[in-house]
Asks: 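Questions regarding the structure given below will be posed in turn.
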Amino acid sequence: MSPIPATMKALRLVKYNSSYKLEQIPTPTIGDNDLLVKVGAAGFCHTDYQVHQGVYNSPIPLTPSHEPVGTIAAVGKKVSAAWKVGQRIGILNFRHACNACVGCQEARDPAALEEPDTRFCKNKEMAGISADGGFAEYIIADPATSVPLPDGLEFEHAAPLMCAGATVWTGLDGADVKPGLPIGVIGIGGLGMYALQFAAAQGHPTIAIDNRQEGLDLARSLPSQFKPTAVIDYNASNAQEQIVEAAGGDGLAAVLVCTDDVQATEWSLKLLRTHGTCIPLGLPAEGFKFSAFDVVFKELTIRGSLVANRRLATEMMRFVAEKGMHSHVTTVRLEEGEDLPQCYMDPHLKGRLVVVM
């Protein structure tokens, strides 16, 4: 590895609802339990746009992005020998669990009881939201929320997996739908393209739903092994009937809503069969609205789902390597990224925006 410089380039949010600014700032200093990672690529997420709007009252100036991947440049003194300089890794959003709060003590991953589930720590840092993130040449990573990258997975295709992919992977895991039962995906963008592929590769007939031609085209462009059973235009007057029929006449066993559109999320319940599950993955600032009649008369489950922990992300990476997942990304150089929030709002954008170094 090259010597670590004292300063680095970073895109900075210095004022809400304004363009980012490319600045030279100090390279972060790691603690004994940290990794310093030279960023290879970092994705732009809808949450980044909300941070840009001031939804989370994030401290500014701030380096955005919670979807970074890269190469370990330095290892803290107390970090396990399993992590080495030169290793390619992906970094999940949350870091530095306090190991003392109720979230750390009670909300442990049932399959990994030896470690706290950092996602639920009340005192955690959130990269790109409450602390500096990945739109920079270097970032601090927490080994407890980092995962090795499969060989051959390019940085620009790995970065969106650290939030978009990890979010839908965890949503599917929580839906717990038996193979062979139909799953719908509303919103075929950064999250939806992964949701369709993960569900299809797990043995589910899938139905892709979008109101944009770009989203419908993206669903149709997936490789044959991941192609949806049906691609439905949300704007069609009989969209609900088309979806229920494509699902076998009884409706979907589960629906993953990969948009923050409140109306679309409420409508998704009408697509479900009795005892079906809705996984809303968008985060509308105004909150959700659901029909009491849909929920009660079909005994539906509406299940929240947060981005993956390390165990789930590791499983996802193995799956990606095994199945050969397809990504659709639009790449932007760090030096050209000051107008990323505006680029994200382009209605014709396909897939995920990714900053590359």
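These figures come from a predicted structure and were not determined experimentally. One-based numbering along the sequence shown.
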Asks: Can you tell me how far CG of Leu340 sits from OG of Ser19, rounded to the nearest 0.5 angstrom?
Replies: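 It is 9.5 Å, given to the nearest 0.5 Å.
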Asks: What's the separation between atom NZ in Lys289 and atom CG in Leu269, rounded to the nearest 0.5 Å?
Replies: 12.0 Å
Asks: Using the rule side-chain contact (heavy atoms from CB on, under 4.5 Å), only one of Leu272, Ile183, Val185, Leu300 pairs with Val255; which is it?
Replies: Leu272
Asks: Does any non-hydrogen side-chain atom of Leu11 lie less than 4.5 Å from one of Thr63?
Replies: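 Result no, sub-4.5 Å side-chain heavy-atom pair not found.
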Asks: Checking the side chain of Arg88 only, and the main-chain atoms of Leu153 only, is there a donor and an acceptor separated by less than 3.5 Å?
Replies: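 Yes; at least one donor-acceptor contact below 3.5 Å.
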Asks: Out of curiosity, Arg95 CZ to Ser130 OG, how far, rounded to the nearest 0.5 Å?
Replies: 7.5 Å
Asks: Would a distance-only check, ignoring hydrogens and angles, find a side-chain to backbone donor-acceptor pair under 3.5 Å from Ser305 to Gly171?
Replies: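 Confirmed, Ser305 side chain pairs with Gly171 backbone.
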Asks: Would a distance-only check, ignoring hydrogens and angles, find a side-chain to backbone donor-acceptor pair under 3.5 Å from Gln242 to Ala230?
Replies: no
Asks: Can you label the angle between the Phe135 ring and the Phe44 ring as parallel, tilted or perpendicular, going by 30° and 60°?
Replies: parallel
Asks: Is there a side-chain contact between Leu36 and Ile4 in this structure, where contact means two heavy atoms from C-beta onward sitting under 4.5 Å apart?
Replies: yes
Asks: Considering non-hydrogen atoms only, spot the tightest contact between Ile129 and Pro59 and give its length.
Replies: O-CD, 3.7 Å
Asks: For Gly43, does its backbone N or O pair with a side-chain atom of Ser65 as donor and acceptor, under 3.5 Å?
Replies: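 Side chain of Ser65 to backbone of Gly43, a donor-acceptor pair under 3.5 Å: yes, one is there.
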Asks: Do Val55 and Tyr49 come within less than 4.5 Å of each other through their side chains, counting heavy atoms only?
Replies: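 Result no, sub-4.5 Å side-chain heavy-atom pair not found.
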Asks: Would one find more than 12 heavy atoms of other residues, nucleotides or ligands at under 6.0 Å from atom CG of Asp151?
Replies: no
Asks: Can Asp260 and Leu283 be said to form a side chain to side chain contact (heavy atoms under 4.5 Å, CB included), step by step?
Replies: CA-CA 5 Å; Asp260 67 347; Leu283 291 172; 5.7 Å; no
Asks: If you look at every heavy atom in Leu92 and Ala313, which pair is closest and at what distance?
Replies: CD1-CB, 3.9 Å
Asks: Rounded to the nearest 0.5 Å, how far does CD1 of Ile243 lie from CG of Asn238?
Replies: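 Reported value, rounded in 0.5 Å steps: 9.5 Å.
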Asks: Counting C-beta onward and ignoring hydrogens, is there a side-chain heavy-atom pair between Met325 and Phe198 closer than 4.5 Å?
Replies: yes
Asks: Does the side chain of Phe290 reach to within under 4.5 Å of the side chain of Ile302, using non-hydrogen atoms?
Replies: yes
Asks: Please determine whether side chain to side chain contact (heavy atoms under 4.5 Å, CB included) holds for the pair Thr145 and Arg310, giving the CA-CA distance in whole Å, both sets of side-chain angles, and the decisive distance to 0.1 Å.
Replies: CA-CA 5 Å; Thr145 52; Arg310 184 170 65 174; 5.7 Å; no
Asks: With the 4.5 Å side-chain cut-off for hydrophobic clustering, are Leu334 and Val332 part of the same group?
Replies: yes
Asks: Determine whether a donor-acceptor pair (N or O, by modelled atom type, separation under 3.5 Å) exists between the side chain of Arg220 and the backbone of Lys227.
Replies: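 It does not hold such a pair.
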Asks: Classify the side-chain pair Tyr56/Gln50 by whether it contains a donor and acceptor separated by less than 3.5 Å.
Replies: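 The criterion, which ignores hydrogens and geometry beyond distance, is satisfied for Gln50 and Tyr56.
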Asks: So do the side chains of Val51 and Pro64 get within less than 4.5 Å of each other, counting heavy atoms only?
Replies: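 Heavy-atom side-chain distance check fails, nothing below 4.5 Å.
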Asks: NE2/His66 to CG/Asp132 distance, rounded to the nearest 0.5 angstrom?
Replies: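 Separation between the atoms: 14.5 Å.
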Asks: Tell me whether the guanidinium CZ or amine NZ of Arg12 lies under 6.0 angstrom from the six-membered ring centre of Tyr20 and within 45° of its axis.
Replies: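 Ring-cation test returns no.
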Asks: As a quick check of understanding, evaluate side chain to side chain contact (heavy atoms under 4.5 Å, CB included) for Leu281 and Val257, giving each step before the final call.
Replies: CA-CA 6 Å; Leu281 297 174; Val257 187; over 6 Å; no
Asks: Enumerate the ring-ring contact (aromatic ring centres under 6.0 Å, His included) contacts for residues 68-98, please, sequence neighbours excluded, ordered by first and then second residue.
Replies: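 Pairs touching residues 68-98 that pass the test: none.
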Asks: Determine yes or no for a side-chain-to-main-chain donor-acceptor pair under 3.5 angstrom, with Tyr194 supplying the side chain and Thr167 the backbone.
Replies: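 No, the answer is negative, given that no donor and acceptor are paired below the 3.5 Å cut-off.
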Asks: Quick check: do Met316 and Leu161 have side-chain heavy atoms less than 4.5 Å from each other?
Replies: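 With C-beta onward as the side chain, the pair touches.
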Asks: Using modelled atom types and a 3.5 Å cut-off, is there a donor and acceptor pairing between side-chain atoms of Lys124 and backbone atoms of Cys121?
Replies: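 Yes; judged by distance alone, with no hydrogens or angles, the pair exists.
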Asks: Counting N and O atoms only, with roles assigned by atom type, does the side chain of Asn309 sit under 3.5 Å from a partner on the main chain of Asp117, one being a donor and the other an acceptor?
Replies: no
Asks: Is Val354 linked to Val39 within one hydrophobic cluster, defined over Ile, Leu, Val, Met, Phe, Trp and Tyr using a side-chain heavy-atom separation of less than 4.5 Å?
Replies: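 Per the 4.5 Å side-chain linkage, Val354 and Val39 are not co-clustered.
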Asks: Between Gln87 and Thr71, do the side chains contain an N or O donor and an N or O acceptor separated by less than 3.5 Å?
Replies: no
Asks: Using the salt bridge (charged side-chain N to carboxylate O under 4.0 Å, His left out) rule, take Glu335 and Lys9 through it: C-alpha gap first, then chi angles, then the decisive distance, then the call.
Replies: CA-CA 8 Å; Glu335 295 80 3; Lys9 289 182 289 187; 2.6 Å; yes
Asks: Among Asn211, Asp217, Asp210, which one satisfies side chain to side chain donor-acceptor pair (under 3.5 Å) with Gln213?
Replies: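 With Gln213 as partner, Asn211, Asp217, Asp210 yield a single side chain to side chain donor-acceptor pair (under 3.5 Å), made by Asp217.
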Asks: Evaluate the criterion side chain to side chain contact (heavy atoms under 4.5 Å, CB included) for residue pair Thr27 and Glu137; output intermediate values, then yes/no.
Replies: CA-CA 8 Å; Thr27 301; Glu137 292 180 291; over 6 Å; no
Asks: Check for me, please, whether Leu252 and Phe297 land in the same ILVMFWY cluster - side-chain distances under 4.5 Å, paths through other members count.
Replies: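 Different clusters.
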Asks: Which is it for Tyr344 and His52 under the side-chain hydrogen bond (donor to acceptor under 3.5 Å, both in side chains) test, yes or no, and what are the steps along the way?
Replies: CA-CA 11 Å; Tyr344 175 76; His52 170 259; over 6 Å; no
Asks: What are the two closest non-hydrogen atoms of Val244 and Lys270, and how far apart are they?
Replies: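 Smallest heavy-atom distance, with atoms named: CG2-O, 4.5 Å.
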Asks: At their closest point, which heavy atom of Ala219 faces which heavy atom of Leu196, and how far apart are they?
Replies: CB-CD1, 4.0 Å
Asks: Applying a strict under-4.5 Å side-chain criterion to I, L, V, M, F, W and Y, I'd like to know whether Leu349 and Met345 cluster together.
Replies: yes
Asks: Would you say Gln263 has more than 12 foreign heavy atoms packed within less than 6.0 Å of its CD?
Replies: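 No, the 6.0 Å shell around CD holds no more than 12 heavy atoms from other groups.
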Asks: So, Glu315 and Arg311, do they make that salt bridge, N to O below 4.0 Å?
Replies: yes
Asks: Drop me the distance from Leu256's CG to Thr206's OG1, to the nearest 0.5 angstrom.
Replies: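 So the gap between those two atoms works out to 11.0 Å.
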Asks: Check the hydrophobic clustering (I, L, V, M, F, W, Y; side-chain heavy atoms under 4.5 Å; chains of links allowed) and say if Ile207 and Leu216 are grouped together.
Replies: no
Asks: With a 4.5 Å limit on heavy-atom distance, are the side chains of Ser327 and Arg352 in contact?
Replies: no
Asks: Checking the side chain of Asp173 only, and the main-chain atoms of Thr170 only, is there a donor and an acceptor separated by less than 3.5 Å?
Replies: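 The answer is no, because no donor-acceptor pair under 3.5 Å joins these two groups.
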Asks: Do any N or O atoms from the side chain of Glu299 and from the backbone of Val295 form a donor-acceptor pair under 3.5 angstrom?
Replies: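 Here the side-chain-to-backbone pair does not exist.
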Asks: Taking all non-hydrogen atoms of both residues, which atom of Val307 and which atom of Met162 are closest, and how far apart?
Replies: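 Where Val307 meets Met162 most closely, the heavy atoms are CG2-O, 3.8 Å.
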Asks: Could you check whether atom CD of Gln342 has more than 12 heavy atoms from other residues, nucleotides or ligands sitting under 6.0 Å from it?
Replies: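 Result for CD/Gln342: enclosed.
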Asks: Quick check: closest heavy atoms across Gly180 and His204, and the distance to 0.1 Å?
Replies: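 In terms of heavy atoms, the two residues are closest at N-ND1, 4.0 Å.
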